[in-house]
There are 2 protein chains.
Amino acid sequence: MNIVVQKFGGTSVRNLECMKQVLEKVMVPYEKGNKVIVVLSAMAGETNRLIDLAYEWSDTPDLAEMDSLVSTGEQVSVALFSMLLKDRGIKARSLLGFQVPIKTDSAYSRARILDIDRDKIEEMLQENDILVMAGFQGCDEGRRITTLGRGGSDTSAVAMAAAIEADVCEIFTDVPGVFTTDPNICSMARKLDHVSYDEMLEMASMGAKVLQIRSVEFAKKYNVKVHVRSTFSDEIGTYVTQEDKNMESVLVSGIAYDKDQARVTLSKVKDEPGVSAALFTPLAEAGILVDMIVQNPSRDGRTDMTFTIPRGDLKKTLEIIDEIKEPMGAQDVLYDQHVCKVSVIGVGMRNHSGVASKAFQALRDENINILMISTSEIKITCLIEEKYTELAIRTLHNTFGLDKSGSDENSL
Amino acid sequence: MNIVVQKFGGTSVRNLECMKQVLEKVMVPYEKGNKVIVVLSAMAGETNRLIDLAYEWSDTPDLAEMDSLVSTGEQVSVALFSMLLKDRGIKARSLLGFQVPIKTDSAYSRARILDIDRDKIEEMLQENDILVMAGFQGCDEGRRITTLGRGGSDTSAVAMAAAIEADVCEIFTDVPGVFTTDPNICSMARKLDHVSYDEMLEMASMGAKVLQIRSVEFAKKYNVKVHVRSTFSDEIGTYVTQEDKNMESVLVSGIAYDKDQARVTLSKVKDEPGVSAALFTPLAEAGILVDMIVQNPSRDGRTDMTFTIPRGDLKKTLEIIDEIKEPMGAQDVLYDQHVCKVSVIGVGMRNHSGVASKAFQALRDENINILMISTSEIKITCLIEEKYTELAIRTLHNTFGLDKSGSDENSL
């Protein structure tokens, strides 16, 4: 049994006309004799409407009730889409989280998938040619409805593809695939034919909104072949797969950026054991995601600590620091909201040195000052002043030969 | 464990303000130490919105998908209402059809309840003081969502009350209870303190919209004490219960009417075996509900057949007759849309004669011509010209002493 999983987001199913376009996409693998599992999001705007409703009712809506509430969005989509299929005489049915079941833990609003009953799915695929599954939702042990967090439909689709060992998981979106960088900033950006799970993870964590980060983790873990492609054309998009020889020959796959950053510096902090914990524990407890951290070498028993956080958390962060700066002995608290992270990403870096220095040189040549640096095995990230974002991206894109249309290779 | 079931319709939960009023109603039994099961409908207008959506998508929406679609209406209500309860610090949770589960057959859009898991409910009532159950919905053996038909939330509430042996099932509505007749037509109409299941069934089948007819059947079968009362006041409404001695002393409990009627006559039909079947079988197959039927005594081997149907089915009925009238040998087809059924209802009739003749005399005294008559053990129904409806109701109401405020007795 050849099975294709296809996922369509809220924009793709926002009204009847759009759903009819989705129907044509679904017909492609169906008419080739595949069984198809279609995963749908709520119609665009619906999830927000339901969330707004909840906040009208309560300032702190109960999370379990919230999940049950917002899951109705997908329930509506799959019922309506299944009606279209039935009208075409296709053996099809809708499938809700509790019907599969998509078993999750009970972390309402951000549940994790524990198990999908493969036998049940196969049984339903015997009776149906197309299953229309509600994305984003699952069901915990007590039969309560859970949701997987924003963008969770990607994860639903990939998890289903993993469970059923589908041939491919097609994620339809409003862009033609994964690009070397943001085409809105760099007109030379090219669509990638292939990208590895790890590269995709780095790009996703940098705010590239093509795929939910957890869906990529899932795909990597279960080796699901993901095909990111456009709802609005029939062209091949980008395959997200395990890295292969071919990919490693490519030094850099893309340039990512994230403007949602703020930098905070505590100067002249006492350099003694426990100081980092004193700072970062209360931030973590407040749910603030600290990203880059730099601690300067100590001088006279004092050091400067600098870190970045999401811009929206700056106020809360400063409030927390206000309470702890005295025991830490901090002299000053400095912050800057006009910063941006720019990253050079590529699995090829694993086997090549010199990428970092080449990146730094390129930025220096444009007089772009690097405020902070962090690196991983396949990524080099520089924090720069926000105003240089576009220039830095175009420069790095050009430096690593990503402009070269048709070529998937670039060199030092 | 004392348990009270309370059911609130769509108007009662149509927005936040209304839900807060419902909350106060729920607090009454809760604060007396009862466990409460609240059954809610969809917010007013929501079910129709979803049905309209379905018909935008398909001229003949798949019924199973339709049920899954419209059941989201109740899902939204119960989630939002539970949020209010949680905010008050009350141990409460929402409960969907598949979570109870309310097991039904698979007759989508008009499913019948087969079983409710009492142990599961009791378990949940150990952990919660209030359960907020979605009305109207259930779940079949294959875990698909079913609905119980329009007004099905009444049935949900009564079925739950039966399963859990609740002390009372309170049906909150926009009227203060069950009346001797429609107060909009007869200003002398009085609220009844008690009415029997059988009387309520006859009233409901005559279009009295206070309770869904199936919920009354359910209440009768399981002897559930139903209390119909107003959402907008704290006054006692009407108890619907088994008949007792006291009720039998009351001759007539109410006057009901139904304007949604049309009368059709086939004249000079061959009076031979199989003629009735030839007429009524195709009508039944077309789903047309034939109500009163009168066949005149035969003359010269020919007879007139007259029957009533819902007014909206007249066109379809005439089309069907057009095809069969020739083989039946019918000479003429006559019809009249301007007719109305008026009924005198009361369990006391069982033990008293003379009610019918008294009713006929009263109508004759007002020069109201009776077009057709049908009777049951506790009901006398007359078909009259529609224009006399109000006059007939007021006359009968007065004739049987229903005007007498404070008195529950009336005599021949």
Side-chain angles (χ1 to χ4, degrees), chain A residues 15-17 19-20 23 42-43 46 49-50 53-88 90 92-101 120 123-124 127 132 134 139-140 142-145, chain B residues 15-17 19-20 23 42-43 46 49-50 53-88 90 92-101 120 123-124 127 132 134 139-140 142-145:
Chain A
N15 56 35
L16 175 57
E17 205 180 325
M19 275 208 194
K20 282 180 177 168
L23 184 61
M43 295 160 97
E46 184 63 7
R49 183 184 75 85
L50 292 164
L53 208 56
Y55 280 101
E56 191 189 326
W57 256 246
S58 170
D59 292 334
T60 54
D62 182 77
L63 289 180
E65 301 300 347
M66 184 67 127
D67 278 5
S68 189
L69 178 72
V70 296
S71 73
T72 60
E74 281 71 21
Q75 189 166 333
V76 168
S77 299
V78 296
L80 290 173
F81 189 71
S82 299
M83 288 175 188
L84 293 185
L85 293 173
K86 299 287 263 187
D87 276 359
R88 283 232 184 163
I90 295 166
R93 62 161 286 184
S94 65
L95 210 48
L96 303 175
F98 78 90
Q99 290 170 334
V100 178
K120 187 84 199 292
E123 200 184 298
M124 284 191 272
E127 287 166 29
V132 186
C139 179
D140 70 7
R143 272 194 241 166
R144 299 205 74 170
I145 294 172
Chain B
N15 56 34
L16 176 57
E17 205 180 326
M19 275 208 195
K20 282 180 176 168
L23 185 62
M43 294 160 96
E46 183 63 7
R49 183 185 75 86
L50 291 163
L53 208 56
Y55 280 101
E56 191 188 328
W57 257 246
S58 171
D59 292 335
T60 52
D62 182 78
L63 289 180
E65 301 301 346
M66 185 66 129
D67 278 4
S68 190
L69 177 73
V70 297
S71 73
T72 60
E74 280 72 20
Q75 191 165 333
V76 167
S77 298
V78 295
L80 291 173
F81 189 71
S82 299
M83 288 176 187
L84 292 186
L85 293 172
K86 299 287 263 188
D87 275 0
R88 283 232 183 164
I90 295 166
R93 61 161 288 184
S94 65
L95 209 47
L96 303 175
F98 78 91
Q99 290 169 334
V100 178
K120 187 86 199 294
E123 200 184 299
M124 284 190 272
E127 287 166 29
V132 186
C139 179
D140 70 7
R143 272 193 243 167
R144 299 204 74 169
I145 294 172

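Any value given below was found using the heavy atoms of this structure, including those in side chains, with hydrogens, waters and symmetry copies removed. Lettering follows sequence order; numbering is per chain, from 1.
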Close side-chain approach of B:Leu69 and A:Met83, heavy atoms under 4.5 Å: yes
For B:Asn15, side-chain hydrogen bond (donor to acceptor under 3.5 Å, both in side chains) partners two or more places apart: none
Most contacts with chain B, counted as non-hydrogen pairs under 4.5 angstrom, among A:Lys20, A:Lys86, A:Glu56: A:Lys86
Proximity breakdown for B:Met43 and chain A, heavy-atom pairs closer than 4.5 Å: side chain
Toward chain A, the part of B:Leu96 with a non-hydrogen atom under 4.5 Å: side chain
Nearest heavy-atom neighbours spanning B:Glu46 and A:Arg49: OE2-NH2, 4.4 Å
Per-residue contact mode, B:Leu95 against chain A (heavy atom under 4.5 angstrom): neither
Region of A:Leu84 in contact with chain B, defined by heavy-atom distances below 4.5 Å: side chain
Segment of A:Ile145 engaging chain B (4.5 angstrom heavy-atom cut-off): both
Chain B contacts, top residue of A:Leu80, A:Val76, A:Leu50 (heavy-atom pairs, under 4.5 Å): A:Leu80
Part of B:Met19 within contact of chain A (heavy atom distance under 4.5 Å): side chain
Non-hydrogen atoms of A:Gln99 and B:Arg143 that approach each other most closely: NE2-O, 2.9 Å
Interface moiety of B:Asp87 toward chain A, non-hydrogen atoms closer than 4.5 Å: side chain
Structural part of B:Leu16 lying under 4.5 Å from a heavy atom of chain A: both
Any A:Ser94 side-chain heavy atom under 4.5 Å of B:Arg144 side chain: yes
Pairs flagged by side-chain hydrogen bond (donor to acceptor under 3.5 Å, both in side chains) wherever residues 75-85 of chain A is involved - sequence neighbours left out: A:Gln75-B:Ser71
